[in-house]
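Notes to accompany the following structure.
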Amino acid sequence: MVQSDESTGSGAVEMAALEAEATQAIAAASSADELEEARVRYLGRRSELKQALRQVRDRETGMVLNSLRDRLEAAHEARRAELERAGRATAGEDGFDPTLPGEAPPRGSLHLLTQLRRRIEDVFLGLGYEVYDGREVETVWHNFDALNQPEAHPSRDPRDTFYVDEDTLLRTHTSPSQIRAMLDRQPPLYLVSLGRVYRRDALDATHTPVFHQVEALAVDRDITLADLRGTVEHFTSAVFGGRREIRMRTSFFPFTEPSVEFDMTCYLCDGAGCAVCKHSGWIEMGGAGVVDPNVFESVGYDPEEWSGFAFGLGIDRIAFNRHGLPDLRLFWENDIRFLEQF
Ligand code: FA5
């Protein structure tokens, strides 16, 4: 029992011990239940302190005990607020508070290049094309020889191409899937092939050593450059929206003859000229042409009977243009702040 015994000082000692014990118990309470237990024990109706207060006879002792009660109540209130802040006071022992609003888990999305790749596939499927998967590790024959690439062509140089061994390499474009498909199937055929390609290009804002291409191949009777033009126009309009016009410039690829590079009217200014198309009204898309008879011969197709067109372009550069991105490397950095915008 706490008693005021100023003559011996034992009451003061007991109160000091009680205060230390109560303060310690309040501070140690780690849940609302534990805190309530401490409150009942040290501040409740049956607590030593309350009983002592009831028996107070002199003003001095009353003041001392009242100030002790005030200090313990303040400690209790401080601890209660602390626990509430930690989300535990209202939640019970397991820390779960069903009254708090829920947190929505962040939703992931497909990588921008995957989205574009699927969109391109859908456009070709709509035209009746088949999606054909080529190989990333290719033979030199499929990647170069069968595509009529001259022995001395610079792209064969190990400084430009990743060789696995003398006869094997990481494909430098998606065109070898034309060869595989023609060896697998008999014409007529209409197919599209998408995937990664590899070149020893120095890394900068518009070049990455790994990038993605889409390749389309049509082989049938009486195919002409006009069919190529119509298909490319449909493809670019479907992917970019609106009605895109196509411009062809003569070019050279060993596997097509004639060969062209094609541009489309800028999807932003519709050809008027703006920052996206560098004020030319046109955006470069890729390479194309009529399949060279030598390519047909290397897969055993009769070039007198069959004709075809092929075109190929870089998917990364399309996405880069489409979204006005400053740097192709963003596709590979996996920075969530970039990825979550698409
Ligand atoms: C070719 O790869 C040909 N196979 C395309 C082709 C197919 C022509 C069928 C005719 C018939 P080229 O080397 O130009 O062509 O590459 C095509 C596209 O790949 C370029 O237009 C460009 O968009 C993209 N590209 C090339 N190098 C890189 C690179 N380092 N990083 C990102 N994209 C690239």
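These values consider heavy atoms only, across backbone and side chains, with no hydrogens, waters or symmetry-generated copies. Note that ligands are numbered from 1 as they come in the structure, with each ligand's atoms numbered from 1 the same way. Treat the numbers as computed from the prediction; the structure is a model and nothing was measured.
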- Which residue owns the protein heavy atom closest to atom 34 (C) of ligand 1, what's the atom, and how far is it? Phe211 CE1, 3.3 Å
- Query: Quick one: which ligand 1 atoms are inside 4.0 Å of a heavy atom on Ser175?
  - Reply: 4 (N), 7 (C)
- Pull out every atom of ligand 1 sitting under 4.0 Å from any heavy atom of Ala288, numbered as shown with elements. 8 (C), 10 (C), 11 (C)
- Does His173 reach ligand 1 with a nitrogen or oxygen that is under 3.5 Å from one of the ligand's nitrogen or oxygen atoms? yes
- Message: Does the plane of the ring in Phe309 sit parallel, tilted or perpendicular to the ring in Phe311? Use 30° and 60° as the thresholds.
- Response: parallel
- Query: Backbone, side chain, both or neither: what part of Phe311 comes under 4.0 angstrom of ligand 1, heavy atoms only?
  - Reply: backbone
- Item | Connected via hydrophobic side-chain network under 4.5 Å: Leu228 and Val291 | no
- Name the orientation class of the two ring planes belonging to Phe162 and Tyr198 (parallel below 30°, tilted from 30 to 60°, perpendicular beyond 60°). perpendicular
- Query: Of the choices Glu261, Glu215, Arg199, which has the non-hydrogen atom that lies closest to atom 1 (C) of ligand 1?
  - Reply: Arg199
- Decide whether an N or O pair under 3.5 Å exists between Gln213 and ligand 1. yes
- Message: Centre-to-centre under 6.0 Å for His173 and Phe253, is that the case here?
- Response: no
- Query: How far is atom 22 (C) of ligand 1 from its nearest protein heavy atom, and which residue and atom is that?
  - Reply: Arg317 NH1, 3.3 Å
- Task: Could you tell me whether Arg329 and Asp204 make a salt bridge, using a distance below 4.0 angstrom between a side-chain N and a carboxylate O?
- Result: no
- Message: Considering non-hydrogen atoms of the protein only, which is the closest contact for atom 3 (C) of ligand 1, and what is the distance?
- Response: Phe255 CZ, 3.9 Å
- Neighbour count >12 (heavy atoms, 6.0 Å) for atom CD, Glu333: yes
- Check each atom of ligand 1 against the heavy atoms of Leu328 and keep those under 4.0 Å away; list them by number with element. 32 (C)
Please list every donor-acceptor pair under 3.5 Å in which a side-chain atom of residues 273-288 meets a protein atom from a residue at least two apart or in another chain.
{"residue": "Ser280", "atom": "OG", "partner": "Cys277", "partner atom": "O", "Å": "2.9"}
{"residue": "Ser280", "atom": "OG", "partner": "Trp282", "partner atom": "N", "Å": "3.1"}
{"residue": "Ser280", "atom": "OG", "partner": "Trp282", "partner atom": "O", "Å": "3.1"}

- Counting from 1 in the order shown, the ligand 1 atoms closer than 4.0 Å to a non-hydrogen atom of Gly314 are 18 (C), 19 (O), 23 (O), 24 (C)
- Note on the structure: Among non-hydrogen protein atoms, atom 15 (O) of ligand 1 lies closest to Phe253 CE2, 3.6 Å
- Query: So which bit of His207 gets within less than 4.0 Å of ligand 1, heavy atoms only: side chain, backbone, both or neither?
  - Reply: both
- For atom CZ of Arg45, decide whether the heavy atoms of other residues, nucleotides or ligands shown that lie under 6.0 angstrom number more than 12. no
- Query: Are side-chain N/O atoms of Asn143 and Thr172 paired as donor and acceptor at under 3.5 Å?
  - Reply: yes
- Task: Within a distance under 4.0 Å of any heavy atom of Gly287, pick out the atoms of ligand 1 and give their elements.
- Result: 6 (C), 8 (C), 10 (C)
- Note on the structure: Quick look: Asp201 vs ligand 1, heavy-atom contacts under 4.0 Å, and the answer is side chain
- So, do Phe342 and His323 have ring centers that fall under 6.0 Å from each other? yes
- Just which atoms of ligand 1 are under 4.0 Å from any heavy atom in Thr208? 29 (C), 30 (N), 31 (N)
